Amino acid sequence: MTATTPALSRPDFRLTRSHEAFSRANRVIPGGVNSPARAFGAVGGEPPFIQSAHGAYLHDIDGHTYIDYIGSWGPMILGHAASPVNRAVADALAQGSSFGAPTVREIEIAEAVVAAVPSIDKVRFVSSGTEATMSAVRVARGVTGRSKIVKMAGHYHGHVDALLVQAGSAATTLGTPNSPGVTEGATRDTILCPFNDAGAVAEVFRRFPDDVAAVLLEPIAGNMGLVPPEPGYLETLRETTAKHGALLIFDEVMTGFRVAFGGAQALYGITPDLTALGKVIGGGLPAAAYGSSTAVMDRISPAGPIFQAGTLSGNPLAMAAGLATLRILRDEAPYEHLESLSARLAEGLDRAASEAGIPHVVQRVGSMLTLFFHDGPVRNHGDALRSDTRLFGRFFWEMLARGVYLPCSQFEAAFVSVAHTVDDIDRTIEAAHESLRAIRG
Ligand code: HOZ
């Protein structure tokens, strides 16, 4: 056993080179990583360093190959290094990588987004999901002239100061829901509600009938593990916000082009006022976006007074990768295929945990899913936090040693891609049976 892995039933699984790389990284990068979720803090041990990725597989610098269920935390819906995406990026690169001036490709991808996403008439491209949600909140405040934002506990909207309150993802994992450096002033207008509790939102409007600019949420929560909206919840939020003149913002950074081509709003038939997009829209390169009706979007600079800008916004390489990805998703509509692969995986994981006699629940929407070590449905952050994270950590490592790379936290969703095969799914389920048996002893 090396120092990098916890006690495993497969002691031959070693991450020697990755351990060296992690030590080296720690000397020059805080925590050795450029985004905290990657550091394996939630599962103990140290991460493998990735050499390359193709299709559904990750290859690390120690010579291991893994079936990948992170997919770069969502973007790689077509799998890694998909040829049409690689070709589009190579063609764009040959023409120059950044101009700081408009390009026709930006119009093409904007047209593709407008055609796909029901609530969007106009769209502004930015470079990260954080920028997209931050800008959407600014627009909501600018348009309504109000200050307060309602956010759901356990939902994660990037590292925006005002939204880093009881945030999901690594903020949950690390137990630092309020980061030092986020001032009280920055979060004074942020009001927290539990997810799936429309009554709590109604209560906010009773207390502050004229002050709420927007209700912001992940329509399908993916950053506290996968937690779907309960029937009627999104509909009620839609009615309540409209009644009080507040905007409804869907953070579809994870769900956009993922659970359906038009995102969760198309899946559930709910039209938000503003939508934040990221991940899949960049096809594996840094691109994100926010969009709304023409009336709202024309309030943004330079059409209107609400300022927002970015040197690399609409970057040609990112637009090329995103456009190639969206065109394939539009033309090949792989969503039924993803649904059947993902259902097979969810059922298999459920069976494996049941046979091992381990309290659990598998929650899934389309190709996003989580096996919670929690007895009963997970409806909100409080439920998610009651999961057995120690058991999750052991399961994670047993799976990794068997060549399956799950998200390295109980509070993240796994992603299935079109590159996964039925054989990959069945091998994953077999690994889950073995892993849980090994844990049970
Ligand atoms: N925000 C991602 C998890 N929900 C993590 C991003 C990363 O570490 O790459």
Side-chain angles (χ1 to χ4, degrees), residues 18 22 25-26 29-43 45-50 53 58 60 66 68-77 80 126-134 151-161 163-177 179 195 216-227 251-256 258-259 264 276-288 318 363 365 367-370 372 378 381 384-385 387 389 392 396 405-417:
S18 292
F22 196 52
N26 266 290
I29 300 172
V33 290
N34 282 309
S35 188
R38 302 173 196 176
F40 279 32
V43 289
E46 299 174 357
F49 274 61
I50 303 305
L58 290 176
D60 75 13
Y66 309 97
D68 176 28
Y69 290 100
I70 297 192
S72 185
W73 303 93
M76 312 314 295
I77 192 167
H80 296 281
V126 292
S127 297
S128 71
T130 294
E131 264 188 275
T133 56
M134 179 187 74
K151 120 169 237 299
M152 308 305 154
H155 288 209
Y156 178 71
H157 307 288
H159 56 96
V160 181
D161 277 8
L163 307 177
L164 214 47
V165 186
Q166 282 202 26
S169 190
T172 296
T173 299
L174 299 176
T176 51
S179 169
F195 186 48
L216 164 66
L217 75 161
E218 302 175 60
I220 300 163
N223 285 287
M224 51 183 176
L226 193 285
V227 184
D251 177 346
E252 296 229 44
V253 168
M254 271 192 183
T255 52
R258 161 67 63 180
V259 294
L277 296 162
K279 299 196 187 274
V280 172
I281 202 173
L285 270 79
Q363 300 195 167
V365 178
S367 55
M368 298 170 64
L369 67 132
T370 299
F372 285 99
V378 174
H381 199 211
L385 291 177
S387 303
T389 52
F392 177 84
F396 170 84
Y405 200 125
L406 296 171
C408 49
S409 163
Q410 175 72 97
F411 307 119
E412 301 283 0
F415 298 97
V416 177
S417 79

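Counting convention: from 1, in listed order, for ligands and their atoms alike. Worth saying up front: this structure is predicted, and the values here are computed from it rather than measured. Position 1 is the first residue of the sequence; numbering continues from there.
Proximity of the aromatic rings of His155 and Phe195 is defined here by a centroid distance below 6.0 angstrom, and this criterion is met.
Every atom of ligand 1 is numbered from 1 in the order shown, and the set under 4.0 Å from a heavy atom of Glu412 is 3 (C), 4 (N). Every atom of ligand 1 with a heavy atom of Asn223 under 4.0 Å away is listed here by number and element: 4 (N). Listed by number with element, the atoms of ligand 1 under 4.0 angstrom from any heavy atom of Ser35 are 6 (C), 7 (C), 8 (O). If you number the atoms of ligand 1 from 1 as listed, the ones under 4.0 Å from a heavy atom of Tyr156 come out as 1 (N). Those atoms of ligand 1 that come under 4.0 Å of a heavy atom in Met254, given as number and element, are 4 (N).
The CE atom of Met152 lies 10.0 Å from the CE atom of Met224; values are rounded to the nearest 0.5 Å. Residue Glu46 holds its CD atom at 10.0 Å from CZ of Phe40, rounded to the nearest 0.5 Å.
Within the 4.5 Å cutoff, no side-chain heavy atoms of Phe415 are placed close to those of Leu369.
Residue Arg38 has at least one nitrogen or oxygen atom sitting less than 3.5 Å from a nitrogen or oxygen atom of ligand 1, judged on distance alone. No N or O atom of Lys279 sits closer than 3.5 Å to an N or O atom of ligand 1.
Side-chain atoms of Gln363 come within 3.5 Å of backbone atoms of Leu226 as a donor-acceptor pair (strictly under, hydrogens ignored). With Lys151 contributing its side chain and Leu217 its backbone, the two residues share no donor-acceptor pair below 3.5 Å.
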